[in-house]
Amino acid sequence: MGDTNGQVVAGGHGQGNRLDQLNCPTNALIDKETDSLIICDRGNRRVVRWSRRSGTIQGEILIDNIGCWGLAMDDQRYLYISDTDKHEVRRYQIGHKNGTIVAGGNGEGAGLNQLNIPTYIFADQQETVYVSDYWNHRVMKWNKGAKEGIVVAGGQGKGNALTQLSNPLGLFVDTLGTIYVADLSNNRVMRWPKGAKQGTVIVSGNGQGEGANQFNVPSGLSFDRHGNLYVVDWGNNRVQRFSIE
């Protein structure tokens, strides 16, 4: 905190597909066990790992030939990756190339056993997977071993009512099962308590713009341990921090 300059920890050698390059990365997480970054290198259709130790000059490919967008890791260090080409989420043991389908996998569609462009994902301690189902304007919950998902936010068509989402992206689920989601086309962040039929707007909802209470395409979100919410405000080329009661 307090740094005014960032430090390049992966990529930084221009857009490309060499092992020292990235191309349109969409998501990253820290693997504490190996002190490394796992990155969804979407433009190169691969998931790569970069050690965080100083002197690292290139990454290694974990999984390739995948339309990856979102990443998550559970307590057992299984990796979850959403695939926007196959409309599915797979669970991988690190070091293995073949994963197990844990959400979707039945082609593009709006059925409860389908997804339509799954983007950001969240996995909890029970190996439950939550998925932002972008073109179905909903967040889906898939319990471990389930053949169908459950709609836990949105799912009432595209719109800006409190029962609706419009192209959901960034996703976080707390220990109570409360869902926080970046409602991209509505330029707001919503909170959906477990079992709720509608959500509440917790940030913005003041239309598209560059004011301190506005977003222009909010895409990613995250919380720190003090409960502060960080939102990637994509169209405004900034990250905003909010303290949420």
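All residue numbers refer to positions in the sequence shown, counting from 1.
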Is there a donor-acceptor contact under 3.5 Å from the side chain of [X] to the main chain of [Y]?
{"X": "Q156", "Y": "Q164", "result": "no"}
{"X": "S166", "Y": "S185", "result": "no"}
{"X": "T56", "Y": "S51", "result": "yes"}

Report the distance from atom [atom1] of [X] to atom [atom2] of [Y], rounding to the nearest 0.5 Å.
{"X": "H137", "Y": "K158", "atom1": "NE2", "atom2": "NZ", "answer": "5.5 Å"}
{"X": "W142", "Y": "I150", "atom1": "CH2", "atom2": "CD1", "answer": "10.0 Å"}
{"X": "D41", "Y": "N27", "atom1": "CG", "atom2": "CG", "answer": "12.0 Å"}
{"X": "H87", "Y": "L115", "atom1": "NE2", "atom2": "CG", "answer": "9.0 Å"}
{"X": "D124", "Y": "K141", "atom1": "CG", "atom2": "NZ", "answer": "7.5 Å"}
{"X": "T84", "Y": "W69", "atom1": "OG1", "atom2": "CH2", "answer": "7.0 Å"}

- Query: Is there a side-chain contact between Y80 and V102 (heavy atoms, below 4.5 Å)?
  - Reply: yes
- For the residue pair L184 and Y134, establish whether any side-chain heavy-atom pair is separated by less than 4.5 Å. yes
Would [X] end up clustered with [Y] when hydrophobic side chains under 4.5 Å apart are linked, directly or stepwise?
{"X": "L171", "Y": "I39", "result": "no"}
{"X": "Y130", "Y": "F172", "result": "yes"}
{"X": "W135", "Y": "V89", "result": "no"}
{"X": "V232", "Y": "L221", "result": "no"}
{"X": "F215", "Y": "L169", "result": "yes"}

- Query: Given the rule in the side chain to side chain contact (heavy atoms under 4.5 Å, CB included) test, do V151 and L112 qualify, once you have shown the distances and angles that lead to the verdict?
  - Reply: CA-CA 8 Å; V151 179; L112 291 177; 4.0 Å; yes
- Task: Starting from the C-alpha separation in whole Å, work towards a yes-or-no answer on side chain to side chain contact (heavy atoms under 4.5 Å, CB included) for V203 and Q240.
- Result: CA-CA 11 Å; V203 181; Q240 294 205 67; over 6 Å; no
Do you know which two heavy atoms are closest between [X] and [Y], and how far apart they sit?
{"X": "S36", "Y": "T34", "result": "OG-OG1, 2.6 Å"}
{"X": "A123", "Y": "A72", "result": "N-CB, 3.9 Å"}
{"X": "L165", "Y": "V181", "result": "CD2-CG1, 3.9 Å"}
{"X": "M140", "Y": "D133", "result": "CG-OD2, 4.0 Å"}
{"X": "R46", "Y": "C68", "result": "O-SG, 3.5 Å"}
{"X": "P218", "Y": "R188", "result": "CG-N, 3.9 Å"}

- Go through the steps for N23 and N17 under the test side chain to side chain contact (heavy atoms under 4.5 Å, CB included), then give the verdict. CA-CA 7 Å; N23 182 354; N17 63 3; over 6 Å; no
- Residue pairs fulfilling salt bridge (charged side-chain N to carboxylate O under 4.0 Å, His left out) with at least one residue in residues 58-74, sequence neighbours excluded: R49-E60, D74-R91
With sequence neighbours excluded, residues passing side-chain contact (heavy atoms from CB on, under 4.5 Å) with [X]:
{"X": "V9", "result": "L37"}
{"X": "Q7", "result": "none"}
{"X": "E88", "result": "D83, K86, R90, I101"}
{"X": "D224", "result": "H226, N228, Y230"}

- Item | Members besides I57 in its Ile/Leu/Val/Met/Phe/Trp/Tyr cluster (side-chain heavy atoms under 4.5 Å) | none
- Item | Residues clustered with L79, ILVMFWY side-chain links under 4.5 angstrom | L29, I38, V47, L62, I63, I66, L71, M73, I81, Y92, I94
- List for me each residue that meets ring-ring contact (aromatic ring centres under 6.0 Å, His included) alongside Y180, sequence neighbours excluded, and say none if there are none. F223
- Message: Before you tell me yes or no, could you show the steps for Y78 and H96 under side chain to side chain contact (heavy atoms under 4.5 Å, CB included), namely the whole-Å CA-CA distance, both residues' side-chain angles and the distance that decides it to 0.1 Å?
- Response: CA-CA 10 Å; Y78 280 94; H96 293 239; over 6 Å; no
Give a yes or no on whether [X] atom [atom1] has more than 12 heavy-atom contacts from other residues, nucleotides or ligands under 6.0 Å away.
{"X": "K97", "atom1": "NZ", "value": "yes"}
{"X": "D75", "atom1": "CG", "value": "yes"}
{"X": "Q76", "atom1": "CD", "value": "yes"}

Listed by chain and number, what are the side-chain hydrogen bond (donor to acceptor under 3.5 Å, both in side chains) partners of [X], not counting sequence neighbours?
{"X": "S219", "answer": "none"}
{"X": "N116", "answer": "none"}
{"X": "N186", "answer": "D183"}
{"X": "N113", "answer": "none"}

- Picking from E210, Q208, R238, what satisfies side chain to side chain donor-acceptor pair (under 3.5 Å) with N216? Q208
- Message: As a quick check of understanding, evaluate salt bridge (Lys or Arg N to Asp or Glu O under 4.0 Å) for D31 and R77, giving each step before the final call.
- Response: CA-CA 8 Å; D31 179 12; R77 288 188 67 243; 2.7 Å; yes
